[in-house]
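Below, each value reflects all heavy atoms present in this structure, side chains not excepted, and no hydrogens, waters or symmetry copies. Chain A is the first sequence line, chain B the second, and so forth, proteins listed ahead of strands; every chain is numbered from 1.
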Amino acid sequence: MADQAATCEAFAAELPRWIAKGDFQSLIDRLWELGYRVIGPTIIQSAIGYDELRRVDELPRGWTEQQSAGSYRLVQRSDGAWFGFNVGPHSWKRYLFPPQSVVARAERQGDWWQLHDVPDDEPAFAFLGVRACELAAIAIQDRVFLNEHHTDPTYQRRRERALLIAVNCTQAAPTCFCTSMGTGPQCSAGFDLAITETADGFTLEVGSERGAAVIEGLPIRQATADESAVAETERARAEEQISKRLDTTDIRNLLLGNLDHARWDDVARRCLSCTNCTLVCPTCFCHSVTDVTALDDGSIDRVRQWDSCFNAQFSYIHGGVIRADVRARYRQWLTHKLASWIDQFETSGCVGCGRCITWCPVGIDLTEEVAAIREVPS
Amino acid sequence: MSAQPRLAVFKFASCDGCQLSLLSLEDELLQLAARVDVVHFLEATSRIEPGPYDVALVEGSITTADDEQRIQQVRRDSKFLVTLGACATAGGIQALKNWSGSEAFVNAVYARPDYIRTLETSTAIADHVAVDFELRGCPINKYQLLEVLQSLLAGRRPRTPTHCVCVECKRRGTVCVTVAQGIACLGPVTQAGCGALCPAYDRGCYGCYGPSEQPNLVPLTDHLRAGGMKAEAIATALRSFNAYAPAFRQESDRLAAEVAERESTP
Ligand code: SF4
Ligand code: SF4
Ligand code: SF4
Ligand code: SF4
């Protein structure tokens, strides 16, 4: 949020601090004592996802992943790093904008209905391990859910109370392209605290007053010049490793000016219209709302669920389905994400995290689709 | 006569698992019983009343000449006819005989094959009579059944999704088994309804709910083959509970034809 960005800058002038790995548990303990529900990276099934975290040994210490289009494999590291991986199948979206929630309830009162709000009772979240691209994604969802026209109460409550502890990337996956989207790999704004991992500990930057208050009294000292320099080298490695590029030059007009390009037919033959790319995307916000009646006819829950532009029924309006084939649906996703999003929210909808590339079951890569259109515009 | 809607349950060639879903609604069953009159449900009650019925729930596929006749009578007697499960909706696992003929199966399975009178095929209810709503699954999801009954009581359309299983995987936070473990999964072309059960337990989707809306089978099977899976194995995976559902049948036939052609080329 804007004020968060401003405070980050105010704190940026400060010298980084240092917390030893042996003391890191004290930070997690402090968060729980303060009433936060700490969510962070941990191994789930066969990947590094996000879940509740109470102890440092629940972090995927010593693990990393190999990502490519349509493939993700957990692999062990030789150096035992705690945050030596990039983004996985989950994003913070599932906590700020839950996959399913009851947004209102109606109860029958004789021959009329009383409509109620259903208050959200989640405790405040502390997100541990937010990457630069993810900070950018949260900032984009802020524009969607907290703009001057509409405010989503669930998102607002969760977002305002959430504490963001960012982690600077010290490596990049072959699917990462944050540098093309101007979102990473270094965390520059939007966090309460940001850490950079080195062998023995973390340099730590404070980004807000709330962040400063949280670490008050913990075993944290000023980082030495050497420690800061090592952290700087670690961060630089991420940037060097980024190999994927998306040329965003005039991308809005490129895509909207090529709505009949043959490449849309080509991708429609490969795409399963399975929704995975949209549901893993940290900025996609589409949802559907349905009223679910109780069996005794006495109450109705209004349920909101994640939905996707890849579902044919999602574009159903009276009389029929608007985007009736895969070509229309893939084109909708890509042109919205990279072009009309700019008109709508004054930002691209893509932060370059690469999730849609990795988690597409058939490995469709949006950067290749754009490149193909750019190569031979119609 | 009671003013409540009259509900009847009928069984054709099937395992009874879908009807049992109605009984396993335990918590909701009493509430449901207060709103409908169950007048024909052999698995649950000895009360057997003749039609007309407001709602007929039909389980099972058509595999005998007698059943071909019986389903006509059920249709005539019923205002709404709802099919339950893969057998009633696609012919079920028993539709495998549609490819190889009954005789071999009958001889392999029964001690006295001469006691058996059966049709050459196992077919869906909709191949014989008009069906008002098809509830998918092997077995069906009891909450979806409840939704269908509730919607009929409320006079609205049932809200059962037609999108694929992947949506449910992502909503529940399951890590994709195809991407993270290289496990073949029919989820991207299978209709949701189970809550993405198998991937949550590190198994690929078996396709219990049949083809999703506009399933794009070819790129999925192409991708599986590029990953090393044999066309025969993919065809076998498609030929299970919903083998005879048109989209699955067409793709397994296409793959099988390719295999046959390859084998016949010296
Ligand atoms: S896209 Fe950039 S910020 Fe995001 S995980 Fe990859 S390297 Fe880190
Ligand atoms: S479109 Fe793809 S790369 Fe861009 S933010 Fe969404 S998931 Fe990440
Ligand atoms: S691009 Fe990939 S993930 Fe997205 S709908 Fe198509 S097949 Fe599914
Ligand atoms: S595990 Fe199967 S159903 Fe789930 S997202 Fe992956 S491909 Fe889709």
Quick one: do A:Tyr72 and B:Thr178 satisfy side-chain contact (heavy atoms from CB on, under 4.5 Å)? Show the steps, please. CA-CA 9 Å; A:Tyr72 179 108; B:Thr178 294; over 6 Å; no

At a heavy-atom distance under 4.5 Å, which candidate from A:Ala47, A:Ala324, A:Ala312, A:Pro89 has the highest pair count against chain B? A:Ala312

Which residues share a salt bridge (Lys or Arg N to Asp or Glu O under 4.0 Å) with B:Arg172, sequence neighbours left out: none

A:Gln45 (side chain) donor-acceptor with B:Val177 (main chain) under 3.5 angstrom: no

Do other residues, nucleotides or ligands put more than 12 heavy atoms under 6.0 Å from A:Gln114 CD? yes

Which pair of non-hydrogen atoms, one from B:His163 and one from A:Asn311, has the smallest distance, and what is that distance? CB-OD1, 3.1 Å

Work out which heavy atom in B:Lys170 is nearest to a heavy atom in A:Asn276; give both atom names and the distance. NZ-OD1, 2.9 Å

Verify the neighbour count for atom CZ of A:Arg37: are there more than 12 heavy atoms of other residues, nucleotides or ligands below 6.0 Å? yes

Residues, nucleotides or ligands: over 12 heavy atoms within 6.0 Å of A:Arg77 CZ: yes

Which heavy atom of B:Val167 sits nearest a heavy atom of A:Thr275, and at what distance? CG2-OG1, 3.3 Å

Is there a donor-acceptor pair under 3.5 Å between the side chain of A:His90 and the backbone N or O of B:Gly173? yes

Under 3.5 Å, is there a donor-acceptor pair between the side chain of B:Asn216 and the main chain of A:Ala268? yes

Please report the interatomic distance SG(B:Cys166) to CG(A:Leu279), rounded to the nearest 0.5 Å. 9.0 Å

Looking at A:Tyr316, I'd like to know if its OH atom is crowded, meaning that more than 12 non-hydrogen atoms belonging to other residues, nucleotides or ligands lie closer than 6.0 Å. yes

B:Ala200 portion near chain A, given a 4.5 angstrom heavy-atom threshold: backbone

Residue list, salt bridge (Lys or Arg N to Asp or Glu O under 4.0 Å) with A:Glu134, at least two apart or on another chain: A:Arg355

Does the B:Arg159 side chain pair with the main chain of A:Asp291, one donor and one acceptor, at a distance under 3.5 Å? yes

Hey, which residues of residues 233-251 of chain B are touching chain A, say heavy atoms under 4.5 Å apart? none

Can you tell me which of B:Thr162, B:Val175, B:Leu149, B:Thr174 forms the most heavy-atom pairs within a distance under 4.5 Å of chain A? B:Val175

Considering non-hydrogen atoms only, spot the tightest contact between A:Ser46 and B:Ala180 and give its length. O-CB, 3.9 Å

Between B:Gln31 and chain A, which part of the residue has a heavy atom less than 4.5 Å away: side chain, backbone, both or neither? both

For the pair A:Arg269 (side chain) and B:Val218 (backbone), establish whether a donor and an acceptor sit closer than 3.5 Å, ignoring hydrogens and angles. no

When the 4.5 angstrom heavy-atom criterion is applied to A:Thr293 and chain B, the contacting part is both

On a heavy-atom basis, the closest approach of A:Trp306 and B:Arg171 is O-NH2, 2.7 Å

Residues 91-108 of chain A: residues contacting chain B (heavy atom under 4.5 Å, by number): A:Arg94, A:Pro99

Heavy-atom distances under 4.5 Å only: say whether A:Asp51 touches chain B with side chain, backbone, both or neither. neither

Side chain, backbone, both or neither: which part of A:Thr278 has an atom under 4.5 Å from a heavy atom of chain B? neither

Minimum-distance pair of heavy atoms, taken over all atoms of A:Arg270 and B:Pro219: O-CB, 3.3 Å

